[in-house]
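Heads up: the structure comes next, in structure tokens.
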There are 4 protein chains.
Amino acid sequence: MTGETRETIVARPSAFNQALGIRLVDWVLDRATVELDVTGDHLNRSGVVHGGVLMTLLDVACGYAGTWTEATDGARLCVTLDLMTSFVAPALAGRLTTVATVSGGGRKIFFARAEVRDEAGKLLAMGQGSFRYR
Amino acid sequence: MTGETRETIVARPSAFNQALGIRLVDWVLDRATVELDVTGDHLNRSGVVHGGVLMTLLDVACGYAGTWTEATDGARLCVTLDLMTSFVAPALAGRLTTVATVSGGGRKIFFARAEVRDEAGKLLAMGQGSFRYR
Amino acid sequence: MTGETRETIVARPSAFNQALGIRLVDWVLDRATVELDVTGDHLNRSGVVHGGVLMTLLDVACGYAGTWTEATDGARLCVTLDLMTSFVAPALAGRLTTVATVSGGGRKIFFARAEVRDEAGKLLAMGQGSFRYR
Amino acid sequence: MTGETRETIVARPSAFNQALGIRLVDWVLDRATVELDVTGDHLNRSGVVHGGVLMTLLDVACGYAGTWTEATDGARLCVTLDLMTSFVAPALAGRLTTVATVSGGGRKIFFARAEVRDEAGKLLAMGQGSFRYR
């Protein structure tokens with residue numbers, strides 16, 4: 001997006017990421033890590049973290065993983081084409097850490113995978129998808 | 001969940017659904033419709049509705065579609081096993097309507113599909129997944 | 001592919017489609033129907049149709065649905081980016097009919113969905129995915 | 001399936017696996033490797049390995065990964081609930097090796113991921129899904 005730099009991207013998450021409390025904590029070529037501290041607003045009717053939160057974490061982390069660029073004075077953007085999430089275990093509380101890696105692709109499209117884990121390292125959700133550069 | 005009835009489920013969405021502004025507006029056997037009015041908090045860095053919002057709508061609608069029961073004094077609960085979302089077109093503003101239908105399954109697991117459309121009826125995202133009754 | 005026309009595409013399926021016995025039986029803009037008659041070679045260890053057969057039917061039907069062109073003297077080709085299949089019920093025997101429809105997309109990418117049904121019309125598998133034109 | 005042992009499972013693939021030439025070459029708790037040597041019958045209209053072949057490899061490998069048991073005189077069976085495949089790069093020729101690992105789950109359902117790679121180790125397709133024990 002015009003005017004954004006790597007620094008502003010890290011410092012100012014998108015409105016929805018801010019609303020959820022998602023932070024970009026590590027970002028290198030083809031890999032990104034985002035975090036979120038669970039609050040009551042993230043819960044579903046069963047008292048565990050809503051699937052929508054986990055899917056958002058996977059999507060956000062994958063998007064960052066594919067759009068890192070060496071240039072610090074510009075930013076790439078992407079749109080998600082497809083994302084599939086498997087809900088391996090319920091997320092209860094604490095800090096959720098999501099690591100995404102780019103699996104392949106080219107100049108126009110990339111494929112990525114990501115995992116959400118809790119503080120004990122337990123796998124909560126995993127995702128896989130394709131993304132198109134804008 | 002103990003103590004919930006069909007009325008309380010409709011009247012009191014989960015914390016995350018409330019935080020996002022998701023409303024259950026139609027609910028019958030094997031089909032549910034949920035709505036959300038887009039606000040600035042739903043947007044991503046590109047200025048369109050964040051994929052996490054659309055995935056949440058699909059997940060919520062599918063979950064409702066599979067858990068309607070004739071009994072008004074109890075409630076079924078389910079967990080999502082997998083959900084795949086395809087982002088067909090960007091969502092810009094206004095009211096997003098998501099209709100989910102159950103495609104099949106049995107006593108323990110059900111399969112469902114859902115679509116998010118804008119006020120003009122344009123397809124924005126479609127989802128497909130499997131869900132397990134609790 | 002150079003030299004192919006709509007007629008040769010219908011008359012001469014790809015090697016793998018031929019090996020499996022998949023036939024293109026209906027093809028119009030944004031929709032295609034393919035058929036397969038179950039034989040012993042299609043079965044898995046449990047004695048029902050192998051998931052690989054159902055996924056292939058979904059993929060093939062979606063690919064055709066997105067590549068129909070008005071021109072009869074040329075052919076479009078596509079590659080699948082992602083395909084998600086949900087196995088709703090076991091496929092036992094007889095003729096399997098798969099109908100795919102294009103849900104959206106543009107000049108470079110399209111999204112499609114498809115369903116495999118048995119002779120009684122029972123839903124066996126459903127798929128959703130994205131495809132890139134070549 | 002009644003009467004099957006670990007040895008017969010390895011020695012006698014299912015009819016469809018045999019038809020495609022899929023071999024189980026490594027099998028331990030929560031991990032399985034299957035191989036296939038590409039022939040002309042595996043190709044699609046574009047002259048590369050048909051997506052159906054790659055999806056079948058992913059499905060087969062995941063199924064094995066989740067059904068290994070310590071007991072050598074019996075066999076577990078599973079059905080696939082959902083499988084999502086991302087087609088990262090075209091598969092051209094030679095031996096395709098697919099490794100699947102179980103990511104989590106419990107007594108009734110398991111989640112698994114798998115990758116198809118060519119002889120040079122290049123990633124061709126990746127899959128993720130859920131499976132139910134029978």
Side-chain angles (χ1 to χ4, degrees), chain B residues 1 30-32 44 50-68 76-90 98-116 123-134, chain D residues 1 30-32 44 50-68 76-90 98-116 123-134:
Chain B
M1 201 159 67
D30 288 346
R31 198 179 73 231
N44 69 11
H50 197 292
V53 176
L54 302 177
M55 293 190 287
T56 301
L57 284 167
L58 294 166
D59 186 43
V60 167
C62 287
Y64 281 127
T67 55
W68 186 91
R76 301 185 84 174
L77 284 170
C78 69
V79 296
T80 308
L81 294 173
D82 300 300
L83 184 68
M84 199 265 214
T85 302
S86 295
F87 296 90
V88 178
T98 307
V99 180
T101 52
V102 172
S103 305
R107 285 182 312 114
K108 295 183 178 167
I109 285 169
F110 68 91
F111 297 91
R113 272 184 297 202
E115 296 182 344
V116 184
L123 180 64
L124 307 177
M126 57 187 190
Q128 169 181 312
S130 62
F131 303 80
R132 185 169 59 77
Y133 289 114
R134 293 187 55 208
Chain D
M1 200 159 68
D30 288 346
R31 197 179 74 230
N44 68 11
H50 198 292
V53 176
L54 303 177
M55 292 190 287
T56 302
L57 284 166
L58 294 168
D59 186 43
V60 167
C62 287
Y64 281 127
T67 57
W68 186 92
R76 301 186 83 173
L77 285 171
C78 68
V79 296
T80 309
L81 295 173
D82 301 299
L83 185 67
M84 199 266 213
T85 301
S86 294
F87 296 91
V88 178
T98 307
V99 180
T101 51
V102 172
S103 307
R107 285 180 313 114
K108 296 183 178 169
I109 285 168
F110 68 91
F111 297 90
R113 272 184 297 199
E115 296 183 344
V116 184
L123 179 65
L124 307 177
M126 57 186 190
Q128 169 181 313
S130 62
F131 303 80
R132 185 170 58 79
Y133 289 113
R134 293 185 55 206

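What you see is a predicted model, and the numbers here were worked out from it, not measured in a lab.
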Taking every non-hydrogen atom, the tightest pair across D/Leu81 and B/Phe111: O-CE2, 3.6 Å
Inter-residue atom distance D/Lys108.NZ - B/Arg132.CZ, 0.5 Å rounding: 8.0 Å
Heavy-atom side-chain proximity of D/Met84 to B/Asp82 below 4.5 angstrom: no
